[in-house]
Amino acid sequence: MEAIVANLLTRFGEKFLKNFKREDFHLNVLRGEISLRNVELQESVIREILGVPNIMVTKASCSSIYCKVALTRLKYDPITVVLGHVIINAQEPKHLLDFQKEKEKEKDPKEKEPK
């Protein structure tokens, strides 16, 4: 049973976590608990979740993830997910930064002209 759950978690975790392996999480099937520490998140998934256009996520990490699933009461009890500190480094894409610099250069001469 544990091997089946671990295999499912590994396939699911690979979508959201970088370099995710079975050794990265602690699994207690009888209690329905899963925990991870110091994980790197997939930047593309974070960008999609944030839904902010024109933002480039350069790095995303989470100090801990804890999940509680009541396997025998899935229909009645909620699934609990607790995230530790989530750190996301983001910036504007380079082509937008260059565009903004050009716009600023265009504004400077106009501002210096006497009115």
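When reading the values below, keep in mind they use all heavy atoms of this one structure, side chains included, and skip hydrogens, waters and symmetry mates.
- Heavy atoms only, all atoms of each residue included: R47 and I55 are closest at CD-O, 3.1 Å.
- Within the model, atoms NZ of K15 and OG of S44 stand 12.5 Å from one another, a figure rounded to the nearest 0.5 Å.
- The side-chain heavy atoms of V39 and D24, taken from C-beta on, include no pair separated by under 4.5 Å.
- A continuous path of ILVMFWY side-chain contacts below 4.5 Å connects V86 to L50, so both sit in one hydrophobic cluster.
- Grouping Ile, Leu, Val, Met, Phe, Trp and Tyr by side-chain contacts under 4.5 Å, direct or through others, puts V82 with Y66.
- At least one side-chain heavy atom of C67 sits under 4.5 Å from a side-chain heavy atom of I79.
- In this structure a side-chain-to-backbone donor-acceptor pair under 3.5 Å is missing from K59 to L41.
- Residues G84 and C62 come closest through the heavy atom pair N-SG, 3.9 Å.
- Looking at L17 and N19, their side chains never come closer than 4.5 Å, going by heavy atoms from C-beta outward.
- Using a 4.5 Å heavy-atom threshold, the side chains of T80 and V69 count as separate.
- Considering only heavy atoms from C-beta on, T58 comes within 4.5 Å of Q91 through its side chain.
- In this structure, CZ on R31 lies 7.5 Å from NZ on K68, to the nearest 0.5 angstrom.
- For D77, the salt bridge (Lys or Arg N to Asp or Glu O under 4.0 Å) partners are R73, not counting sequence neighbours.
- When all heavy atoms of T10 and F20 are compared, the closest pair comes out as CA-CE2, 3.5 Å.
- Scored by the side-chain contact (heavy atoms from CB on, under 4.5 Å) test, I87 finds S61, N89 as partners (sequence neighbours excluded).
- Linking Ile, Leu, Val, Met, Phe, Trp and Tyr residues whenever their side-chain heavy atoms come within less than 4.5 Å places V81 and L36 in a single cluster.
- Contact between A60 and E43 at its shortest, heavy atoms only, is N-OE2, 4.2 Å.
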